[in-house]
Protein chains: 2
Amino acid sequence: MEKVFKALASEPRRRMLNHLTGGPMTVSEIGAHFDMAMPSISKHLAVLKDAGLVQEQKRGQFVLYSIAADHMANLLYGFLTPFCPEARKIVKDRKRASRQTGGKP
Amino acid sequence: MEKVFKALASEPRRRMLNHLTGGPMTVSEIGAHFDMAMPSISKHLAVLKDAGLVQEQKRGQFVLYSIAADHMANLLYGFLTPFCPEARKIVKDRKRASRQTGGKP
DNA sequence: TTCTTAATTAGGAAATTATCTATGGAGAAA
DNA sequence: TTTCTCCATAGATAATTTCCTAATTAAGAA
């Protein structure tokens with residue numbers, strides 16, 4: 001949770017996640033939406049990856065990043081469980097759905 | 001969202017929220033669970049309050065803090081909506097339930 | 001091979017955050 | 001009133017985060 005919330009505690013990183021909802025993107029494509037040097041983009045993506053919020057996939061000389069929306073949802077629902085009883089049910093339902101669609105529970 | 005995630009990006013603050021699930025507590029009561037000077041406790045609570053994750057209530061010379069679990073859940077479900085379609089339904093259901101129980105939508 | 005593009009790593013400056021001690025203020029108790 | 005308790009604020013310092021430029025690695029293209 002530490003890494004997750006630290007990763008989300010940055011506006012550029014949250015914007016990157018939003019961009020990635022449109023599908024996988026290369027580092028340059030993502031960077032095109034930001035007024036920031038490329039190494040900074042790369043580092044932000046590394047933080048998101050370290051938190052498990054995105055995945056990377058090398059494609060020749062490119063690196064494609066994609067969002068790990070399911071994992072992010074599981075983490076946040078899990079965090080909410082102690083505070084919000086309904087979250088427990090959501091987590092359970094998600095696990096069941098995941099089993100049926102082939103994800104490991 | 002910036003303030004919320006920055007507030008949650010701290011282990012002591014997340015622990016404080018967990019302690020508060022047991023009900024309202026004074027600053028000293030909360031601080032008793034931490035090896036930290038009182039002003040630091042006070043500051044962490046101020047950060048949580050600024051993010052809307054707790055409420056404070058003065059009681060004589062004491063200050064009672066309590067968790068704003070509903071607000072926290074609404075914020076996180078709202079954040080998840082663009083990434084996780086089911087979150088939208090949850091937000092909608094919560095709004096409906098809130099209207100029925102007297103919360104303003 | 002040599003050149004170009006894509007991305008990361010390295011190093012350092014500036015801003016933010018966390019923590020402490022010391023102090024201040026408001027309410028209860030003596 | 002004076003004193004004590006609870007809590008917040010102020011100021012200083014150490015640690016962390018963010019961002020840049022420069023250099024490096026890796027893959028394609030010429």
Side-chain angles (χ1 to χ4, degrees), chain A residues 1-20 22-68 72 75 79, chain B residues 1-20 22-68 72 75 79:
Chain A
M1 276 301 130
E2 188 77 9
K3 285 179 179 178
V4 173
F5 284 123
K6 284 194 177 177
L8 294 176
S10 152
E11 203 250 349
R13 286 194 288 265
R14 290 194 303 279
R15 278 177 54 204
M16 287 178 187
L17 290 176
N18 273 290
H19 284 304
L20 288 173
M25 298 172 77
T26 68
V27 178
S28 298
E29 285 171 344
I30 297 168
H33 296 91
F34 295 85
D35 183 18
M36 199 182 286
M38 186 96 64
S40 302
I41 303 290
S42 184
K43 194 163 190 183
H44 280 304
L45 289 168
V47 171
L48 289 170
K49 183 189 164 195
D50 192 42
L53 299 177
V54 302
Q55 305 147 328
E56 87 176 11
Q57 179 186 4
K58 311 223 181 205
R59 279 296 215 176
Q61 67 190 133
F62 298 89
V63 178
L64 286 173
Y65 281 90
S66 49
I67 195 167
M72 173 164 64
L75 290 169
F79 169 78
Chain B
M1 276 300 129
E2 188 77 7
K3 285 179 179 178
V4 173
F5 284 124
K6 282 194 177 178
L8 293 175
S10 152
E11 203 251 348
R13 287 195 287 265
R14 289 194 304 277
R15 277 177 56 205
M16 288 179 186
L17 291 175
N18 273 290
H19 285 303
L20 288 173
M25 299 172 76
T26 69
V27 178
S28 297
E29 285 171 345
I30 296 168
H33 296 91
F34 295 84
D35 182 19
M36 201 182 285
M38 187 97 61
S40 302
I41 304 291
S42 185
K43 193 163 187 182
H44 280 304
L45 289 169
V47 171
L48 288 171
K49 183 188 165 197
D50 191 43
L53 299 177
V54 301
Q55 304 146 331
E56 87 176 11
Q57 178 186 6
K58 311 224 180 206
R59 279 297 215 176
Q61 68 189 132
F62 298 89
V63 178
L64 287 173
Y65 280 91
S66 49
I67 193 167
M72 173 164 62
L75 290 169
F79 169 78

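Source: prediction; values computed, not measured. In what follows, every heavy atom counts, from backbone to side chain, and hydrogens, waters and symmetry copies are set aside. Naming convention: chains lettered A, B, ... in sequence-line order (proteins, then strands); numbering from 1 in each chain.
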Practice problem: Could you check A:R59 against A:S10 and say which one's nearest nucleotide on DNA chain D is further toward the 5' end? | Solution: A:S10

Quiz item: Does B:S28 or A:G60 map to a spot on DNA chain D nearer the 5' end, using the closest nucleotide for each?
Solution: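 Looking at the nearest nucleotide for each, B:S28 comes out on the 5' side.
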
Quiz item: For A:T26 and C:dA6, is the shortest distance between a side-chain N/O and OP1 or OP2 below 4.0 Å?
Solution: no

Quiz item: Taking only N and O in the side chain of A:H44, is any of them less than 4.0 Å away from OP1 or OP2 of D:dC19?
Solution: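 It does, given that an N or O in the side chain of A:H44 lies less than 4.0 Å from OP1 or OP2 of D:dC19.
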
Please give, in whole Å, the distance from [N] [atom2] to [X] [atom1]?
{"X": "A:K3", "N": "D:dT16", "atom1": "NZ", "atom2": "P", "result": "15 Å"}
{"X": "A:E29", "N": "C:dA6", "atom1": "CD", "atom2": "C1'", "result": "12 Å"}
{"X": "A:M25", "N": "C:dA7", "atom1": "CE", "atom2": "C1'", "result": "15 Å"}
{"X": "B:E2", "N": "C:dT16", "atom1": "CD", "atom2": "C1'", "result": "12 Å"}
{"X": "B:I41", "N": "D:dA8", "atom1": "CD1", "atom2": "P", "result": "11 Å"}
{"X": "A:D50", "N": "D:dT18", "atom1": "CG", "atom2": "C1'", "result": "17 Å"}
{"X": "A:E11", "N": "D:dT17", "atom1": "CD", "atom2": "P", "result": "19 Å"}
{"X": "B:F34", "N": "C:dC20", "atom1": "CZ", "atom2": "P", "result": "13 Å"}

Can you give me the N/O atom pairs linking the protein to nucleotides 20-23 of chain D at distances under 3.5 Å, or say none if there are none?
from	atom 1	to	atom 2	distance (Å)
D:dC20	OP2	A:A37	N	3.0
D:dC20	OP2	A:S40	OG	2.8

Practice problem: Check every strand shown and say whether B:Y65 touches a base, only sugar-phosphate, or nothing at a heavy-atom separation below 4.0 Å. | Solution: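 The answer is sugar-phosphate, as B:Y65 gets under 4.0 Å only of primed atoms, P, OP1 or OP2.
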
So do the side chains of [X] and [Y] get within less than 4.5 Å of each other, counting heavy atoms only?
{"X": "A:L64", "Y": "A:E56", "answer": "no"}
{"X": "A:L20", "Y": "A:L48", "answer": "no"}
{"X": "A:E11", "Y": "B:F5", "answer": "no"}
{"X": "A:L45", "Y": "A:V27", "answer": "yes"}

Quiz item: Just by distance, do the side chain of B:R15 and the backbone of B:H33 share a donor-acceptor pair under 3.5 Å?
Solution: yes

Self-check item: Exam field: side chain A:R13 to backbone A:A7, donor-acceptor pair closer than 3.5 Å
Solution: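 Yes, the answer is positive, given that a donor and an acceptor are paired below the 3.5 Å cut-off.
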
Quiz item: Is the centre of the A:H19 ring less than 6.0 Å from the centre of the A:Y65 ring?
Solution: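 Centroid separation for A:H19 and A:Y65: 6.0 Å or greater.
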
Self-check item: Options C:dA7, D:dT18, C:dT5, nucleotide nearest the side-chain atoms of A:Q61
Solution: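 Closest of the options to the side chain of A:Q61: C:dT5.
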
